[in-house]
Every structure is written in C-alpha cells, then in structure tokens.
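Below is one structure; the comments refer to it alone.
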There are 2 protein chains.
Amino acid sequence: MALKLRRNRAPEPPEACPLSECMSLLGGAWTPNIIWYLSAGPRRFGELRHDIPAISAKVLTGRLRDLEAKGVLWRRVMPTSPPSVEYGLTDLGTEFQPAIAAIVAIGHKIKQRQAAHGQSDDMAMPAS
Amino acid sequence: MALKLRRNRAPEPPEACPLSECMSLLGGAWTPNIIWYLSAGPRRFGELRHDIPAISAKVLTGRLRDLEAKGVLWRRVMPTSPPSVEYGLTDLGTEFQPAIAAIVAIGHKIKQRQAAHGQSDDMAMPAS
DNA sequence: CTGTATCCAATAGGATACTG
DNA sequence: CAGTATCCTATTGGATACAG
C-alpha cells in the first residue's frame, strides 16, 4: 500500500547511454545518407557528391574524414592521372546498415501517414 | 558493353531520401533517448528530466512538443492538485523502437571495439 | 510540478574561391 | 578530380529567471 503502482520505472536504461555515443557517430545530418550510398559498394568522392546534390563539398569532406577516423569507412587513393579517391564501408560501417534500414522504413511509414491523413491536423500551421 | 563494370551505381536510392526526413524527426540529440525512456510506458515530465539529467527543461519541452506535433507521442494533462503531465509513445512512436534498438546495438559494438583494440590508432581515450 | 521566455555560446552547414 | 580555407548564417542547446 505504501507504494501503489509507481506507474513504471525507467526502462532498462541504455547504460550510460550508448545511444548518445552512437548518435554522435551519425550526428551529421548527412551521415546516414553517406553510409546508405556506400552500402552497395565503394564510391568515389564525385559520385557521392552527385548522389547527394544538396551536400556541399566541405560538409561531405568533413563527414568523410570523420567517419574514416572512427573506422566506419576507409579511404583509398587511386594513383591515376586525374587523382581519384574511393570510399567504402568497413566491417564496422556495415553494422550501421540495419539501423539505417530501420530508419528508412520509418521514413516511408511517416510519408504514408502524411499522404493518407493529409496535413489536416498537424503541420498545417507555420507556427508563429 | 564497352564500359567495363561501372564500379557500382547508386544503391536503391532512398527515393528523395526519406532518410533525411526521418532523421529530421530524431534530429535532436536527445530525441532517441526520449523515445527510449518512453518505450516502457508513459512517463511524466519530471521523470524524464530525472532520466536524462543532462537535458535542460527548455530542450526537453522543445523535443516533447516537436514529437507531439509529429504524432510520435501523446501528451495527457492529469487534473491533479499539483498539475502533472504524462507523455507516452503513440503507435507511430513505437515504430521507432527497432531503429533505436539497432542504434543502441551499434553503440555497444563500438564500445566493445574501443575496449578490445585498445586505442592504438584512434580515439586514444583511457577508458578507465 | 510543468512549463515558458530571454539571453548566450557552440556548432553545423552553405557559398565561394582557391590549390595539388 | 578531390579537396581545403575562409566567411557567414541558421539552428541547437544550456542557464537562468519567471509564470500558471
């Protein structure tokens, strides 16, 4: 009686939140996209720029360097006449694919809901 | 085909990148944590603040309002003498759990690798 | 207890120009 | 082609104070 149902306690806490740690890995807004486009195999810098037109060279370079430093992807310089560089997922990088696939799946569902419900009850107002 | 293997073309592109859309949903650094802590059931504002001490009231409120507007969670005001508010995942919100679980799993693996390989080449952090 | 408002610092990210 | 450097703006997030 002293303690009625204490609604519910914290779920198994993510022990010191590896969540936050991992999120810092794909913290960049474009990071998941980069990993996604590398999931089918190595790609060159220019190809990635073409894959993700909205990303700037600076940001792409930054994310690439960052992910390389964290062991998510590797960087290989091809000694060709016009220098070309290839990036690819490491073993660790491939680990992200399930998570990204899950995120993509959610994105699809959200789109479906928005298309189905229309935007009658939410997001219709440019909050001022 | 005269053109040798064109390394590989873009993988099935995330059609206009729902990835980015979804990432904008959990764009906030704390969003995954909030969803995580709500995954076991509804919780009150103060409980969430206690769950995630590093988050400020402003940010928590902001993420909460944002997720509510997007239909990820619901907000229920309890008409008690000291006003209390409960938040819980909606059906849509529960969809995020697999993705977050996958992210948490990666976080664990990264930690293991850091502990196993030591800090020989990167991230030289004395774990303990 | 549950927020909200204001101020402020840090950072991400875009545009452009330039180099190897 | 593959970056790098610089500048600039927008956004995020924290601290504090205050309100219902």
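Convention: sequence-line order gives letters A, B, ...; per-chain numbering from 1.
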Among D:dG3, D:dG14, C:dT2, which nucleotide sits nearest the side chain of B:V59?
-> D:dG14
For atom OH of A:Y87 and atom P of D:dA2, their distance in whole Å | 8 Å
Mind calculating the distance between CZ (A:R49) and P (C:dT16) to the nearest angstrom?
-> 12 Å
Separation of atom CD1 in B:I55 from atom P in C:dT2, rounded to whole Å | 15 Å
Rounded interatomic separation in angstrom, taking CG from A:L48 and P from D:dG3 = 10 Å
The residue, A:P83 or A:S56, whose nearest nucleotide of DNA chain C is more 5′ is A:S56
Here the salt bridge (Lys or Arg N to Asp or Glu O under 4.0 Å) pairs for residues 88-97 of chain A, sequence neighbours left out, are A:D91-B:R113, A:E95-B:K109, A:E95-B:R113
For atom CZ of A:R63 and atom C1' of C:dG13, their distance in whole Å | 10 Å
What side-chain donor-acceptor pairs closer than 3.5 Å can you find for residues 76-85 of chain B, not counting sequence neighbours?
| unit_1 | atom_1 | unit_2 | atom_2 | d |
| --- | --- | --- | --- | --- |
| B:R76 | NH2 | B:E86 | OE1 | 2.7 |
| B:T80 | OG1 | B:P82 | O | 2.5 |
| B:T80 | OG1 | B:S84 | OG | 3.4 |

Is any side-chain nitrogen or oxygen of A:R44 closer than 4.0 Å to OP1 or OP2 of D:dA2?
-> yes
Between the two ends of the helix from C:dC1-D:dG20 to C:dG20-D:dC1, what is the bend in degrees, rounded to 10 degrees, where each end axis spans five pairs?
-> 40°
Please tabulate, for the side chains in residues 52-62 of chain B, all donor-acceptor contacts under 3.5 angstrom to protein atoms that are two or more places apart in sequence or on a different chain.
| unit_1 | atom_1 | unit_2 | atom_2 | d |
| --- | --- | --- | --- | --- |
| B:S56 | OG | B:V59 | N | 3.4 |
| B:T61 | OG1 | B:A57 | O | 2.8 |

Could you tell me the separation between the CH2 atom of B:W30 and the P atom of D:dG13, rounded to a whole number of Å?
-> 9 Å
What residue pairs, at least two apart or across chains, pass salt bridge (Lys or Arg N to Asp or Glu O under 4.0 Å) with a residue in residues 29-42 of chain B?
-> none
Partner set under side chain to side chain donor-acceptor pair (under 3.5 Å) for A:R75, not counting sequence neighbours = A:Y87
Results of salt bridge (Lys or Arg N to Asp or Glu O under 4.0 Å) for A:R65 - residues two or more places apart only = A:E68
State whether B:R75 places a side-chain N or O below 4.0 Å from either non-bridging phosphate oxygen (OP1 or OP2) of C:dG3.
-> yes
Nearest-Å distance for atom pair CG/P, residues A:L60 and D:dG3 | 8 Å
Quick one: what's the B/S/- string for nucleotides 4-11 of chain D, heavy-atom cutoff under 4.0 Å, read 5' to 3'?
-> B-BB----
Find the distance A:D66:CG to C:dA12:P and express it as a whole number of Å.
-> 9 Å
